[in-house]
Colleague: 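Let me give you the structure first, and then I'll get to my questions.
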Amino acid sequence: MDVAIMGAGISGLSCAITLEKHGIKPIVFEKRNRVGDRFINGEATFSILNRPIKDGLKYIKENYDISLTPTDMIRKLVFHSKNEVGSIDGPMGYVNIRGRHENSYECQLEKQLQTKINFNSTYDYEQLCKEFEYVILATGDGAYSTNLGNYKCDLTSTIKGVTIEGEFLTSIAHSWFNYDVIPKGYGWLIPFSEKEANLVIAYPDYPNNIKLDLNTMWETFYNMACKDLDQNFRITDNFEITKYMIGICNNSIIDNTYFIGNCFGTISPGLGFGQFASILTGVYSAYDICNLDKYDELAKPLFENYNNSLVLRRFLENLNDDNIDLIVKNLDNKFLDGLINKVISNKSHLEILNTLTPTMKLWNNYKKS
Ligand SMILES: Cc1cc2nc3c(=O)[nH]c(=O)nc-3n(C[C@H](O)[C@H](O)[C@H](O)COP(=O)(O)OP(=O)(O)OC[C@H]3O[C@@H](n4cnc5c(N)ncnc54)[C@H](O)[C@@H]3O)c2cc1C
């Protein structure tokens with residue numbers, strides 16, 4: 001059976017590994033000259049966002065025999081709002097490395113693959129369609145899906161980040177929700193060693209936001225983060241991404257083409273997490289090709305999760321700094337603290353996003369009216 005995988009990122013490699021495990025040798029095409037050929041960055045996965053699955057890494061190991069080693073478990077997530085600081089205690093997920101680093105998730109996946117990857121590929125989708133029985137689109141954005149009329153883009157974002165040197169605990173991540181500084185967006189710090197971390201901001205490209213000067217916003221955020229963490233970081237690398245697409249495909253398969261990873265729409269619009277769902281779409285598409293299961297059936301919870309996360313995004317956008325201050329302040333409230341930590345923990349099975357979606361919808365409708 002001839003299967004072409006376009007893109008050797010986390011979804012494409014997960015698909016290739018799964019196909020191999022079931023006796024199919026795919027041909028993987030990667031346009032860059034190595035796996036993870038981009039800036040090194042720290043990313044995170046939070047169990048709470050993947051319910052009913054409790055521990056994503058354990059789940060993919062036990063169910064699909066894919067092993068990934070994170071940098072650390074997240075044991076504390078600190079929220080900084082305009083006037084408050086609060087935190088949630090874990091364990092609640094993992095921090096991991098991406099990009100041009102030997103321990104990045106894509107490099108770890110490459111090691112689990114026997115098939116050689118065809119680097120520096122110039123093949124386009126149309127050529128692959130002619131030559132292969134199945135084509136897996138795993139190029140990491142919604143562009144191809146859009147061209148094929150199979151993508152609903154809900155928003156695009158601007159992302160700017162840096163690698164910093166400082167002193168970090170790899171089990172502690174930070175986030176900033178301060179709409180005065182980053183309107184309708186957020187910032188985060190994810191360490192990928194005790195000496196290095198990423199500091200990033202992301203915000204939606206709404207008309208009022210695109211008028212803003214990114215560099216001024218960045219400077220304000222950067223100074224705020226240095227002050228909040230009481231450190232003078234040293235910047236060693238930086239990146240900027242414009243018009244990062246957040247949306248979802250209409251169909252997970254069209255004819256002989258499978259849409260996986262960001263080509264499927266795995267980025268959650270609420271908080272921008274996409275790694276875990278990207279791995280799942282890789283595995284699910286392979287299962288379909290191997291006649292072990294149906295991709296469109298397996299993907300149903302991912303569509304639902306996306307839609308719930310879109311409600312979360314609108315909910316967050318409808319808050320103001322006072323509302324956010326109130327929420328953040330209460331994270332450390334004596335009575336709520338234990339309850340919140342329990343719900344967020346890896347051990348909880350409560351599907352919080354699903355549970356809260358109707359209430360968030362009500363709030364969103366109230367704000368619209
Ligand atoms: C700054 C940033 C921070 C993020 N943080 C988080 C986070 O903390 N947690 C989280 O869960 N998610 C996060 N995400 C989202 C997550 O990284 C993505 O959802 C995930 O990487 C998507 O996987 P993928 O396989 O679709 O794409 P990728 O892993 O990006 O792989 C796509 C591959 O396709 C290749 N390619 C592209 N075009 C072609 C072509 N024409 N031919 C052949 N190959 C091609 C690329 O070179 C690349 O190797 C973040 C994203 C960004 C941008």
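When a ligand or atom number is given, it counts from 1 through the structure's own listing order.
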Colleague: Short list, please: which atoms of ligand 1 are under 4.0 Å from a heavy atom of A138?
Modeller: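 With A138 as reference, the close atoms of ligand 1 come out as 32 (C), 33 (C), 34 (O).
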Colleague: Do me a favour and list the nearest non-hydrogen protein atom to atom 28 (P) of ligand 1 with residue, atom name and distance?
Modeller: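 It is G9 CA, 3.9 Å.
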Colleague: State whether the number of non-hydrogen atoms from other residues, nucleotides or ligands found under 6.0 Å of Y123 atom OH is greater than 12.
Modeller: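 No - once you tally the heavy atoms of other residues, nucleotides and ligands closer than 6.0 Å, there are 12 at most.
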Colleague: Looking at ligand 1, does G161 have a heavy atom less than 4.0 Å from it?
Modeller: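 No; G161 lies far enough from ligand 1 that no heavy-atom distance drops under 4.0 Å.
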Colleague: For K130, is there an ion pair with E126 - N to carboxylate O distance below 4.0 angstrom?
Modeller: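 Salt bridge between E126 and K130, a charged N being under 4.0 Å from a carboxylate O: no.
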Colleague: S278 heavy atoms, cut-off 4.0 Å: which ligand 1 atoms fall inside?
Modeller: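 Those qualifying, in numeric order: 19 (O), 20 (C), 22 (C), 23 (O).
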Colleague: Using heavy atoms and a threshold below 4.0 Å, how should the contact between F29 and ligand 1 be classified: side chain, backbone, both, or neither?
Modeller: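 The part of F29 near ligand 1 is the backbone, not the side chain.
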Colleague: Polar contacts were defined as any N/O atom of the residue lying under 3.5 Å from an N/O atom of the ligand; does this apply to S121 and ligand 1?
Modeller: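 No, S121 has no N/O under 3.5 Å of an N/O on ligand 1.
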Colleague: For E106 and ligand 1, does the shortest N/O to N/O distance drop below 3.5 Å?
Modeller: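 Among all N and O atoms of E106, none is under 3.5 Å from an N or O of ligand 1.
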Colleague: Regarding Y151 and N250, do their side chains bring together a donor and an acceptor under 3.5 Å, going by distance alone?
Modeller: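 No, no side-chain donor-acceptor pair sits under 3.5 Å.
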Colleague: Measure from atom 21 (O) of ligand 1 to every heavy atom in R38, M6, Q275, R98 and give the option owning the shortest one.
Modeller: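 Considering heavy atoms of R38, M6, Q275, R98, the nearest to atom 21 (O) of ligand 1 sits in R98.
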Colleague: V200 near ligand 1, heavy-atom distance under 4.0 Å?
Modeller: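 No, V200 has no heavy atoms under 4.0 Å from ligand 1.
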Colleague: Ignoring hydrogens and geometry beyond distance, is a side-chain donor-acceptor pair present between T266 and S278 at under 3.5 Å?
Modeller: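 Yes, side-chain donor-acceptor contact under 3.5 Å.
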Colleague: Would you confirm whether the ring centroid of F168 sits within less than 6.0 angstrom of the ring centroid of F233?
Modeller: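 Yes, close enough.
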Colleague: With a 4.0 Å cut-off on N to O distance, would you call D65 and K61 a salt bridge?
Modeller: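 Result for this pair is yes, salt bridge flagged.
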Colleague: Any Lys/Arg nitrogen of D180 or K82 sitting under 4.0 Å from an Asp/Glu carboxylate oxygen of the other?
Modeller: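 The answer is yes: the pair qualifies as a salt bridge.
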Colleague: Please could you name the atoms of ligand 1 that N262 approaches to less than 4.0 Å, counting only its heavy atoms?
Modeller: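 Heavy-atom distances to N262 below 4.0 Å select 18 (C), 19 (O), 22 (C), 26 (O).
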Colleague: Applying salt bridge (charged side-chain N to carboxylate O under 4.0 Å, His left out), which residue pairs with at least one partner in residues 143-171 are found, sequence neighbours left out?
Modeller: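 Matches after skipping sequence neighbours: K152-D154, K160-E240, E165-R234.
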Colleague: Under the ring pair (Phe, Tyr, Trp, His ring centres under 6.0 Å) criterion, do F303 and F264 qualify, and how do the steps go?
Modeller: CA-CA 10 Å; F303 281 106; F264 169 92; 5.0 Å; yes
Colleague: Please check if any side-chain donor atom of Y134 sits under 3.5 Å from a side-chain acceptor atom of D255, or the reverse.
Modeller: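 On atom types as modelled, these side chains do not qualify, holding no pair under 3.5 Å.
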Colleague: Run the salt-bridge test on R75 and D89 with the 4.0 Å N-O cut-off and return the result as yes or no.
Modeller: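 Result for this pair is no, no salt bridge flagged.
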Colleague: Report yes if some N/O of S11 lies less than 3.5 Å from some N/O of ligand 1; otherwise report no.
Modeller: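 Yes; the residue has a nitrogen or oxygen that sits under 3.5 Å from a nitrogen or oxygen of the ligand.
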Colleague: With a cut-off of 4.0 Å, which atoms of ligand 1 are near a heavy atom of A44?
Modeller: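 Counting from 1, the qualifying ligand atoms are 7 (C), 8 (O), 9 (N), 10 (C), 11 (O).
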Colleague: G261 heavy atoms, cut-off 4.0 Å: which ligand 1 atoms fall inside?
Modeller: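 Within the 4.0 Å cut-off of G261, ligand 1 contributes 26 (O).
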Colleague: Please indicate whether any nitrogen or oxygen in G274 is less than 3.5 Å from any nitrogen or oxygen in ligand 1.
Modeller: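 Yes; at least one N/O pair falls below 3.5 Å.
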Colleague: Looking only at protein heavy atoms, which one is nearest to atom 46 (C) of ligand 1, and what is the separation?
Modeller: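 Checking every protein heavy atom, the shortest distance to atom 46 (C) of ligand 1 gives E30 OE2, 3.5 Å.
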Colleague: Is it true that the side chains of N262 and D141 contain a donor and an acceptor less than 3.5 Å apart?
Modeller: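 Side chains of N262 and D141: no pair found under 3.5 Å.
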Colleague: Taking 4.0 angstrom as the limit and counting only heavy atoms of I241, give me the atoms of ligand 1 inside it, by number and element.
Modeller: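 Those qualifying, in numeric order: 53 (C).
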Colleague: Which option wins on minimum heavy-atom distance to atom 6 (C) of ligand 1: E240, E43, K31?
Modeller: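 Going through E240, E43, K31 one by one, E43 has the nearest heavy atom to atom 6 (C) of ligand 1.
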Colleague: At a non-hydrogen distance cut-off of under 4.0 Å, which region of F239 contacts ligand 1 (side chain, backbone, both, or neither)?
Modeller: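 Answer for F239: side chain.
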Colleague: Quick test: of every protein heavy atom, which one is nearest to atom 37 (C) of ligand 1, and how far off is it to 0.1 Å?
Modeller: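 Nearest neighbour among protein heavy atoms for atom 37 (C) of ligand 1, to 0.1 Å: T139 O, 3.2 Å.
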Colleague: Counting heavy atoms only, which part of I267 comes closer than 4.0 Å to ligand 1: side chain, backbone, both or neither?
Modeller: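 For I267, the contact with ligand 1 is made by the side chain alone.
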Colleague: Might you confirm whether atom NZ of K25 has over 12 heavy atoms from other residues, nucleotides or ligands at distances under 6.0 Å?
Modeller: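 Open: at most 12 neighbouring heavy atoms sit under 6.0 Å from NZ of K25.
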Colleague: So, is N41 polar-close to ligand 1, with some N/O to N/O distance under 3.5 Å?
Modeller: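 No, there is no polar N/O contact under 3.5 Å.
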Colleague: Please determine if D205 and K243 form a salt bridge, counting it only when a charged side-chain N lies under 4.0 Å from a carboxylate O.
Modeller: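 Judged by the 4.0 Å cut-off on N to carboxylate O distance, D205 and K243 do not form a salt bridge.
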Colleague: Which residue and atom name correspond to the protein heavy atom nearest atom 27 (O) of ligand 1, and how close is it?
Modeller: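 Ranking protein heavy atoms by distance from atom 27 (O) of ligand 1, first comes G140 CA, 3.3 Å.
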Colleague: Give the residue, atom name and distance (to 0.1 Å) of the protein heavy atom nearest atom 51 (C) of ligand 1.
Modeller: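 Among all protein heavy atoms, the one nearest atom 51 (C) of ligand 1 is Y244 OH, 3.5 Å.
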